[in-house]
Amino acid sequence: MFSVRRLSIVSVYPFANMKKKLQHLNCLCIILLLCLAFSGTVNASDIVIGMSAAFKGPSGGLGIELYRGSMAYIEHVNRNGGINGRKIIIKAYDDGYNPIPAIENTIKLIEKDDVFLLFNYVGTPTVTRVLPLLKKYSDRNVYLFFPFTGAQPQREAPYNEFVFNLRPSYRDETGGLVDNFISIGRKRIAVFYQADAYGRSGWDGVKRALTRHGLKIVGEATYKRGTQYSESLKMQVDILKQSAPDAIISIGSYAACAAFIRDARDAGMEMPIANVSFVGSENLLELLVNSSKKSGKDYTRNLVNSQVVPSYEDTSLKAVREYKTLIDKYNPLPPKDLIDPGYKPLKYNFVSFEGFMNAKVLVEVLKRMGKSSDKKNIKKSVESIKALDVGIDTPVTFRSGSSQGLNKVYYSIVKDGRFIPLNEWSGLKK
Amino acid sequence: MVRVEKMRLTALFKKNLLVFAIILSFLIVSVLTFSSWTLHKHLTNEYKSKGVAIANSIASSSVEVLLNRDPSTVQAVIDQFLTIEGISYVFVIDSEGEIISHTFVPSVPKELLNIKTSSREIVVSDLNIAGKGDYINIASPILGGVAGYVHVGMDKGLIKSYIMSAILGQSSIIAVIFFSGFLITYIFFKRHINTPLSKLTDYTNNMLAHNYSASAGIESDDEFQYLATAIEKIAIHFQQVIERSELTVRELSETSKELNDVLSYLSAIIDNMADGLLVTDTEGRIIRVNHALLEMFGFRREEISHRNIDDILSVDMTGWLEESVSSDKKEVLSAEIDLPLGRSGKALATPIYQKPDDFNASLEGIMTHPKQKSDGLVCIGVVILIRDITKEKEIDRMKTDFISTVSHELRTPLTSILGFAKIIKKKLYDNIFPHVRTEEDKTQKATHQVSDDIDIIVSEGERLTALINNVLDIAKMEAGRVEWKMTTLKVSEMIDRAISATALLIEQKGLSLIKNIADKIPDITGDRDRLVQAMINLISNAVKFTENGSVTCTAEKMDDYIKISVIDTGIGIAKEEQEKVFEKFKQIGDTLTDKPKGTGLGLPICKQIVDYHGGTIWIESEPGKGSNFSFTIPIKKEGLLIKTIDTETFIRQLKEHVEIASSSRSEGLKTILVVDDDANIRNFLRQVLEAEGYSVEEARNGIEAISRVKKNRIDLIILDIMMPNMSGFDVAAIIKNDPITMAIPIIILSILEDRERGYRIGIDRYLTKPVNTEELLRGIDELITRGTSRKKILVVDEDVAVVNTISEVLIAKGFHVVGACNGPECLDKARSQRPDMIIIDALISNQNDIVKTLKFEKGLENIMFLLLGR
């Protein structure tokens, strides 16, 4: 990078004054050496991948844990020769789960940092707004890999050609939840969702699923993105209570959802409340457990979350073992200035496990590119992955036009302050 | 000062501020209203257009998305518009009418569930969401409604808040500007208007309080300074005026003090006067009195102030007041008045004149009713001086008593002496001497001796009488008790009379008399008898002191007086003696060598007479060369009003002209009643009367007289006045009032001179003792022979009082009187009554040609006319 830059700078000067040019060259060489001395291990051959995500704020946990999970595997790869000797570097910026910063970061990553590809973006509103950028920079072959969102826009035309998804969609998640709830006789389903594209997406998923059953959403309530756990969501609770649902599907982030669950349970609503994977299950659980301890009530009962990766409790899976080992070993953390001070990293969680899986698949893609660093070949590389075993109980397959690499939805339920896999729904029967 | 300033500031400021504030408020309100309304209108339109634009934009851009049926993309799109100011909500309805995307937290309001939409155009509607506010809902169809609808909600509340903040902002700005303006104006006012005004006010107040200072302290080079300059000039002028007026005040107070001193001095004088002082206005109202007067009358000041003087004084002042006030005369009226407690007072009243310049119509708050006089002076009233003359009167009375007593005591025996002496003489000569044998020498001698002796007794008696008369005369004159009978008289006539009276004397002494009376000597006013008396005195003196030569009488006219002189060629009088000559009892010559002749009272009496007439008497003499005694008498002045009727002269005149048509003479002897308390007088009179052939009755006193009169037939009464118990006047009055006796003629014989009273009562004659026997007999004769025939007399005069007075007298005399007041009445009564005599006022007679008229009347040719002239 530097050399290219340097040359470009030098080429500006005309050759008329040769002596001066040589002087400049000498100065720049000294500067380069100095820069090299300070720049650390950045290498011209490193593969820099860009990440804009929520590292701060109420959804900061998502970005941090995702980063941690990915970095556990990348670190392992980098220490073991990298990709053909090239290290993978994640250039991460915080967008606070807001679209405008996400756009700005993306432009920066593309224009300034000239990243190889974009990776691990978090959130539907952010990603949805970044998609047109991908289209704009399509001449540069900028691809977004494995965004942490199950929304439809990046899975459908016209943007699906610039995005590669790994996780199942919200439609998959919500559809599964709806099917299961109906199967146990809980037909009156209400939706609590974030008032943005993410919430709308989840809401839409629930609606479609219910339509398949010939049912409608019995009640719905929204909340503003960025709502803190300390805030009261009693209004929403009251609205939903009026519709007397059997189950509530909650499409939101952990702070707001935890607050909702707390207020709903306080209002005497005992029906199962289900969240999707994006919620940040462990973060959610942590808040509820703390409140439970304080108030003496158990806010964690009847809490069902859908997941897009298997439970990290299932040590029968190779990836799980690998994940646990590596994350313990490296305990990666995002740069200090990128995160809120006082954030306590979670031990094992679904988000970091998903990040681990994202990194594993990405490394595979990068390996299959061989020595070529031509971005044009990325697509071909991705689509070459068919039925790849990544150590979980389902293979990863990419093909042209397919929206995501994985399709299996897992369910978890809280028991003894921990998420355990939920295989049998009969316990939640009405 | 600050506080007063602030107050003034507030007042001035308030006025202006109020107007200012009203205008400003009006301005603010109208501007704010306008701007708010405009803002509201525009904002609303803005919002509407914004909403429309957004709705359209969303509608057009989300067609594919909607068609793709991806709500989250739609959501992502509509979420972006939430950030636009004014957008409250956006929601999208799909073709089935279901909301597929909305931005509501926590849920879609039910008001929006049935919003109106049109497939063709944008529908803008206003709605109100309960609990949230007013919104403008813009519904735009997507793909003609096939794909659905977009609803954009604009927050009207925002507009309202903008307008509110705009109003607030504007108001704040205006308020700030206003208050700054207020402050600035306040400062400006204070500096440029209030401060100079306050300075001027202070300066003016100081000026009023007489704290003068040169400058008001304003140098602002504007109208205030001009005003200040003007006021400073006023201050200077004012200061000068003040100083001048203070000076004037001081002078005035000094003057006033002086005046007050003078006034109190004068008041003190007036109040300390022993005589009473009374001042009235021209109508007789009392203006001022002094202490003495109040004491004199026993009044209190309040009692008589402003009352009319007639209430106080017994004398009729009003008539005199009117007269003196209206005429130009400066007369002094003197009158005797009665004071309380039996005292007598003399009042002297003089009109008060003032120059018009000095005159003030009201004094002491009282109108003086001034009267303008022809000589320009103004008469403002009368000043009356009253003196208590009780003592003087007492003395006077004592004098009079003394005189009367003396004269009575002297005259009474003297009458007897002289009377009897004369009788003796007559008897001697008539009856005794013829029968005396003159053969014996002794008898002859004795006869001659007796004859001489009796002559001496008679002459001495006469001399004594003369002396007593002179003494009484002078005493009376000095006491002012003489009755002066002032008439018009001719000088020549008077002198002739005097000469005839003294002719014998002159002849006896062998002197020649020269009379040198100038021509055209006007008549004088005087007492004929007294003047003649004076002349006789002077001539007698001249004869007495001249041995040989002549006595010359001259009379000549000087300017307004006549000078009469008696010049003799006698021994003259030495200068030192000349002064003493007019003193009483002084006679020229050595009393040892020269037997005093005369009484020494002649010249003093002459002086009194001359003085009374208003003239002067003097001597020019040189020893050995003779003497010139001259006196002057003022010429009678025109217009002198003599209203007093000289009754004596009048009656005499009457008598002289009345034909005594004697009817049948009464038979028998006439009886005369003699009334006198003195037996000698009675005796004397009896003898005299019986010698004439009268029968005489006597009465000792009044009561006896009256009883005799009633008892016997009396033809005439001779009446003495001075009698005990009842005076002669009383007797006469009684007799004259009794119809039986009223016709009896009465002759009063008295030492008193009170003729008027006598004639008033109705007596016929008044003679004084010692009596002139011939005169008495003559009178008696006349009266008796006249008898009781009553003659008719017509009295004509304009003045009824005159008619009455004359009538009274005539009736007393036994005449029948008829009265008339004017010419026609006179003629009328003359024809009807046929009087024997007409007494008529000359003026009426001339005016009506009475004399000529009646003379031609049949039967009235012989009427006697007596004209009364003025």
Side-chain angles (χ1 to χ4, degrees), chain A residues 98-100 123-132 149-159 169-171 190-208 211 216-217 219-225 227 233-240 242-243 251 256 260, chain B residues 57-58 60-85 87-113 129-133 135 142 147-153 155:
Chain A
N98 285 313
I100 308 287
T124 310
T126 40
V127 167
T128 314
R129 292 288 296 281
V130 164
L131 292 176
T149 160
Q152 291 302 120
Q154 64 270 24
R155 287 178 168 74
E156 290 174 1
Y159 297 114
S169 65
Y170 294 133
R171 282 188 192 174
V191 183
F192 171 75
Y193 63 101
Q194 188 163 291
D196 65 0
Y198 160 51
R200 184 65 54 199
S201 185
W203 172 88
D204 185 50
V206 173
K207 184 161 165 248
R208 278 170 194 272
T211 310
K216 285 194 183 313
I217 298 172
E220 57 178 87
T222 63
Y223 78 90
K224 200 153 180 293
R225 179 177 69 233
T227 301
L233 289 164
K234 193 171 178 305
M235 267 204 301
Q236 288 83 349
V237 167
D238 289 338
I239 291 165
L240 290 178
Q242 276 174 359
S243 52
I251 322 288
F260 174 74
Chain B
S57 138
I58 296 171
S60 50
S61 67
S62 47
V63 174
E64 283 149 31
V65 173
L66 269 172
L67 287 173
N68 284 343
R69 320 211 80 217
D70 180 17
S72 85
T73 318
V74 174
Q75 187 73 42
V77 165
I78 67 176
D79 280 347
Q80 287 173 61
F81 290 98
L82 265 192
T83 57
I84 295 173
E85 179 244 301
I87 308 275
S88 198
Y89 62 81
V90 184
F91 67 91
V92 178
I93 301 175
D94 67 3
S95 46
E96 270 114 58
E98 288 201 24
I99 299 173
I100 60 159
S101 261
H102 68 80
T103 61
F104 289 104
V105 176
S107 61
V108 181
K110 56 181 179 293
E111 288 91 341
L112 290 165
L113 297 174
I129 296 172
K132 288 255 164 76
Y135 296 90
I142 306 169
Y149 293 91
V150 179
H151 290 259
V152 177
D155 188 1

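All values below were derived from every heavy atom in this structure, side-chain atoms included, with hydrogens, water molecules and symmetry-related copies excluded. Lettering follows sequence order; numbering is per chain, from 1. The structure presented is a predicted model; accordingly, all values stated were derived computationally and were not measured.
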Leading residue by heavy atom contact count with chain B [cutoff under 4.5 Å; candidates [options]]:
options                            : value
I239(A), D196(A), L233(A), T128(A) : D196(A)
P99(A), P125(A), A195(A)           : A195(A)
G202(A), G219(A), A221(A), A157(A) : A221(A)

Quiz item: Where do W203(A) and I99(B) come nearest, in terms of heavy atoms and distance?
Solution: CH2-O, 3.3 Å

Exercise. Return the minimal non-hydrogen interatomic distance between Q75(B) and A197(A), and the atom names on each side.
Key: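 Smallest heavy-atom distance, with atoms named: CG-N, 3.2 Å.
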
Quiz prompt | Y159(A) versus chain B, the contacting section by heavy-atom distance below 4.5 Å | solution =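 For Y159(A), neither part sits under 4.5 Å from chain B.
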
Self-check item: Region of P153(A) that comes under 4.5 Å of a non-hydrogen atom in chain B
Solution: both

Quiz prompt | Spatial distance of atom OG1 (T83(B)) from atom CD1 (I100(A)) [nearest 0.5 Å] | solution = 7.0 Å

Quiz item: About how many Å separate CZ of R200(A) and CG of D79(B), when rounded to the nearest 0.5 Å?
Solution: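 Between D79(B) CG and R200(A) CZ, I get 8.5 Å after rounding to 0.5 Å.
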
Practice problem: Count the heavy-atom pairs under 4.5 Å between each of S101(B), A76(B), S107(B) and chain A, then report the option with the highest count. | Solution: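 Highest number of pairs under 4.5 Å: S101(B).
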
Quiz item: Is there a side-chain contact between K207(A) and I100(B) (heavy atoms, below 4.5 Å)?
Solution: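 A side-chain contact exists here, since the closest heavy-atom pair is under 4.5 Å.
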
Quiz item: Quick one: does H102(B)'s side chain get under 4.5 Å of T222(A)'s, heavy atoms only?
Solution: yes

